[in-house]
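Heads up: the structure comes next, in structure tokens.
Computed from a predicted model, the values in this text were never measured in an experiment.
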2 protein chains.
Amino acid sequence: MADGRVERGNQTRRAVLDRTMSIASVDGLEGLSLGKIAADLGLSKSGVFALFGSKEDLQLATVRAAVDVFLNEVVRPVHRDPDGLSKVWRLCERWLDYSRRRVFPGGCFFYAVSAEFDARPGPVRDEIAKVRSDWTRYVERLLDEARPAGGFGSPEDTDAVPQLAFELMALMELANAHSVLHGDPLAYERAGRGILGRLRAVAAAPEELPERPPVFSSSS
Amino acid sequence: MADGRVERGNQTRRAVLDRTMSIASVDGLEGLSLGKIAADLGLSKSGVFALFGSKEDLQLATVRAAVDVFLNEVVRPVHRDPDGLSKVWRLCERWLDYSRRRVFPGGCFFYAVSAEFDARPGPVRDEIAKVRSDWTRYVERLLDEARPAGGFGSPEDTDAVPQLAFELMALMELANAHSVLHGDPLAYERAGRGILGRLRAVAAAPEELPERPPVFSSSS
DNA sequence: TTACCGAACGCACGGTCGTTCACTCAGTGG
DNA sequence: CCACTGAGTGAACGACCGTGCGTTCGGTAA
């Protein structure tokens, strides 16, 4: 089996999700409208509906599709790099670039939908919370793996890694928020500077990290 | 003139805005519904509509009302304190407490509506952007005023203040986001620790700042 | 008293929303 | 060949949306 009927369905689903990811990053997952999507893609409203079963299922599918994009854009490019704080820095660089390049037109997809659903119980919020936990744990794991290589924090300070992960993620997210709201690319430079500052402060070999982040805002 | 008729209108307006601020911090400004609000307050839909002129005007009025709450909760309590990094720290403490106490049930009002409107042009987004700029400038001003007192950064490093303001705000906002999404008060401790770390790193007299933030997550 | 003003109401409007249902049609598996 | 399945259609549904209009009522000012 596989080709023909079901494959056509998968392609349509993919096309729908490409649209909904873009829309949701700007207008939120609640801003998705079956009618609008159908009109955009030249389909019938009921056809789009039937492909996903319900609006909530469409929202969940959109979140999962965005995870896949995020993994391709941010996580996988550095996944095989050698452990160390340089790898953490490259991951952060990828993240800032993912936001800066507007892979999703509204900036980071997960920033938008987290803020939208963070206080609204339900399956969508649960999925978003799970995705964010996974991301947090991944950053912490990379920092943990950098410990023997770069060495930072005293071994008994078990909170150094989550604390540092928290600070890095905070800088990345505000860069996204500030840049999208004010259209100011300088925010990415500030975040990069802050991240490098934190990483160099704990690094056993700071010279392996750049002194300054790449410049995105040409003021000349 | 003044009393009687128009005063009654002002009281109703205040009651409406109290509701809309709460709703918007959870469901967003787009989640406001004239019908719902009217039903909640025992008014007619058209009555609520007439009080504000349009839904967009209601959204704008809600943002401005939230600014007033924010000023009362965060800014004014420390406004007369003596300049210095201690004042900056107290401001950050007030902010974290404002988020933690859920002055707005969905956490920080401006975090919610910024993420909602950051990529959606229009008067509401412009108002939100202006409010955030004002807040940023206030933090930077306090840091600037702390310079002669506490002294930090070389005088020619004109970017030290905005950079530090960016990092402090990033930590505060992620604390709010993480706490609302995951119900985890530990985030406030992490933010406080990060903020104190940054402030103590630049302070001429670090002993005037606490070593650790107050503990909010009782794990015992 | 008379004239006016703003709050608040009731009603109806045009539109959009998510969802349902019966249906066609084409590819799949026995 | 036949039975079946899933993609996609089209019309209709009930609910809710923001908005406009005409009106009522009570407080204000001449």
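- Near-neighbour residues of DNA chain D inside residues 114-122 of chain A, defined by a heavy atom below 4.0 Å, are absent.
- Scanning both residues, Glu116(B) and Glu30(B), for their nearest heavy atoms gives OE2-N, 2.9 Å.
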Protein heavy-atom contacts under 4.0 Å, written 5' to 3' over nucleotides 7-18 of chain C as B (base), S (sugar-phosphate only) or - (none), form the string SSBBB-----BB
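- With respect to Leu17(B), the side chain to side chain contact (heavy atoms under 4.5 Å, CB included) criterion is satisfied by exactly one of Val69(B), Thr12(B), Asp68(B), Thr62(B): Thr62(B).
- Looking only at side-chain heavy atoms (C-beta outward), Pro123(B) and Gln59(B) stay at 4.5 Å or farther from each other.
- Aromatic ring orientation, His178(B) versus His182(B): tilted (interplanar angle from 30° to 60°).
- Gln11(B) has its CD atom 15 Å from the C1' atom of dG26(D), to the nearest Å.
- If you take CD of Glu7(B) and P of dG26(D), they are 19 Å apart, rounded to a whole angstrom.
- We find that CZ of Phe52(B) is positioned 15 Å from C1' of dG18(D), with the value rounded to whole Å.
- Paired with Phe70(A) under the rule ring-ring contact (aromatic ring centres under 6.0 Å, His included), one option of Trp135(A), Tyr138(A), Phe104(A) passes, and it is Trp135(A).
- Residue Leu91(B) forms a side chain to side chain contact (heavy atoms under 4.5 Å, CB included) with just one option from Ile195(B), Leu142(B), Leu168(B), and that option is Leu142(B).
- A distance-only check finds no donor-acceptor pair linking the side chain of Ser99(A) to the backbone of Leu96(A) [under 3.5 Å].
- A salt bridge links Lys130(B) with Asp134(B); the closest basic N to acidic carboxylate O contact falls under 4.0 Å.
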